[in-house]
Amino acid sequence: MHQEISERKRGPVIDFLVIAFMIIMLIGVEIARKQFNGSTLMTIIQLALYLVIVFACLFLYRRRINAYRYTLITENSEDESAYKKGSLLIDSMIGDKGREAEAVLPSEFSALIAPDGSVICGTDSAKPYEKTTNYVLTTKGRKSAHKLVFFRNNVRFFIFFHPTDTLCDLIKKYMVV
């Protein structure tokens with residue numbers, strides 16, 4: 001079994017700035033409440049500032065706390081309910097706790113595409129009218145991500161993720177095209 005974790009490098013300066021911004025927004029809400037006590041303008045200002053705070057919290061969660069673990073099964077298990085050799089499991093993680101975001105069997109693999117668009121292995125042969133679903137399973141940018149193409153139930157899926165060269169080589173090894 002080969003595992004990797006893809007997460008943003010945590011910079012204390014950015015974390016501090018986001019938290020300071022949220023505190024300033026809360027102070028702004030209190031000042032606005034005292035300034036426009038009881039008016040409808042105050043209600044609108046409070047609502048807008050609270051929405052900004054909620055979006056800042058979502059940003060902090062998505063960009064700073066969330067991570068993804070990529071696991072490639074490299075050996076068969078005695079447990080029959082376990083995944084087959086060559087399966088790629090992607091877990092969404094918060095801290096040390098994770099939940100499965102996607103599992104791709106080796107028979108479903110179609111292609112692994114580099115961030116520059118070149119096909120590393122497999123073929124991305126799809127009809128233009130086929131249904132396509134995208135999963136962005138990385139905290140880093142989508143433009144710099146590898147793209148794993150796989151088919152399941154006549155639907156083409158793209159997984160955008162950031163594997164290392166070792167994981168790319170292992171995916172090439174287990175890909176059944």
Side-chain angles (χ1 to χ4, degrees), residues 1-73 83 87-104 111-118 120 124 131-150 152 155-171:
M1 178 167 52
H2 177 79
Q3 282 190 344
E4 298 177 0
I5 294 180
S6 174
E7 61 187 347
R8 281 189 175 263
K9 294 194 176 16
R10 288 171 172 76
V13 173
I14 298 293
D15 290 344
F16 174 77
L17 289 175
V18 170
I19 291 171
F21 175 73
M22 291 188 329
I23 291 171
I24 290 170
M25 293 303 294
L26 288 172
I27 292 170
V29 167
E30 188 60 27
I31 290 171
R33 188 181 64 79
K34 287 181 181 177
Q35 190 76 0
F36 302 105
N37 194 12
S39 71
T40 56
L41 179 61
M42 177 51 210
T43 306
I44 293 170
I45 291 172
Q46 271 187 318
L47 182 62
L49 290 176
Y50 283 131
L51 286 174
V52 168
I53 291 169
V54 166
F55 284 118
C57 290
L58 287 173
F59 168 79
L60 186 66
Y61 166 75
R62 292 285 297 156
R63 295 291 183 181
R64 310 304 280 164
I65 298 172
N66 200 17
Y68 290 94
R69 178 175 53 209
Y70 310 129
T71 305
L72 189 74
I73 307 298
Y83 291 101
S87 297
L88 178 66
L89 311 176
I90 302 177
D91 299 323
S92 176
M93 298 180 54
I94 299 174
D96 292 337
K97 297 184 183 320
R99 66 173 176 78
E100 188 174 292
E102 186 59 61
V104 184
L112 180 62
I113 301 172
D116 63 4
S118 63
I120 295 174
D124 183 20
K131 183 179 176 189
T132 302
T133 303
N134 294 328
Y135 293 129
V136 180
L137 300 177
T138 181
T139 57
K140 301 173 186 172
R142 183 175 169 170
K143 289 182 181 177
S144 65
H146 283 70
K147 184 167 42 172
L148 180 69
V149 182
F150 69 98
R152 183 181 296 151
V155 177
R156 180 172 64 166
F157 293 88
F158 294 131
I159 293 180
F160 293 91
F161 70 125
H162 282 87
T164 62
D165 291 338
T166 306
L167 184 57
C168 285
D169 292 339
L170 287 170
I171 289 173

Only counting residues at least two apart or in another chain, list the ones meeting side chain to side chain contact (heavy atoms under 4.5 Å, CB included) with A103. Y83, L89, E100
For D116 and S118, indicate whether the former's side chain and the latter's backbone hold a donor-acceptor pair under 3.5 Å. yes
Just to verify, what does H162 make a side-chain hydrogen bond (donor to acceptor under 3.5 Å, both in side chains) with, not counting sequence neighbours? T138, S144
L17: partners by side chain to side chain contact (heavy atoms under 4.5 Å, CB included), with sequence neighbours left out: V13
Interatomic distance, OG1@T71 vs CG@L167, rounded to 0.5 Å, equals 9.0 Å
Could you list all the salt bridge (charged side-chain N to carboxylate O under 4.0 Å, His left out) pairs where at least one residue sits in residues 160-170, not counting sequence neighbours? D169-K172
Check: residues 50-58 side-chain donor-acceptor pairs under 3.5 Å, at least two apart:
none

Looking only at the aromatic ring of each residue, does the gap between the centers of F161 and Y70 stay below 6.0 angstrom? yes
Once side chain to side chain contact (heavy atoms under 4.5 Å, CB included) is applied, do any residues pair with I44, and if so which ones, sequence neighbours excluded? none
Enter the distance from I113:CD1 to F160:CZ here, rounded to the nearest 0.5 Å. 8.5 Å
Report the distance from atom CD1 of I90 to atom CG of L148, rounding to the nearest 0.5 Å. 7.0 Å
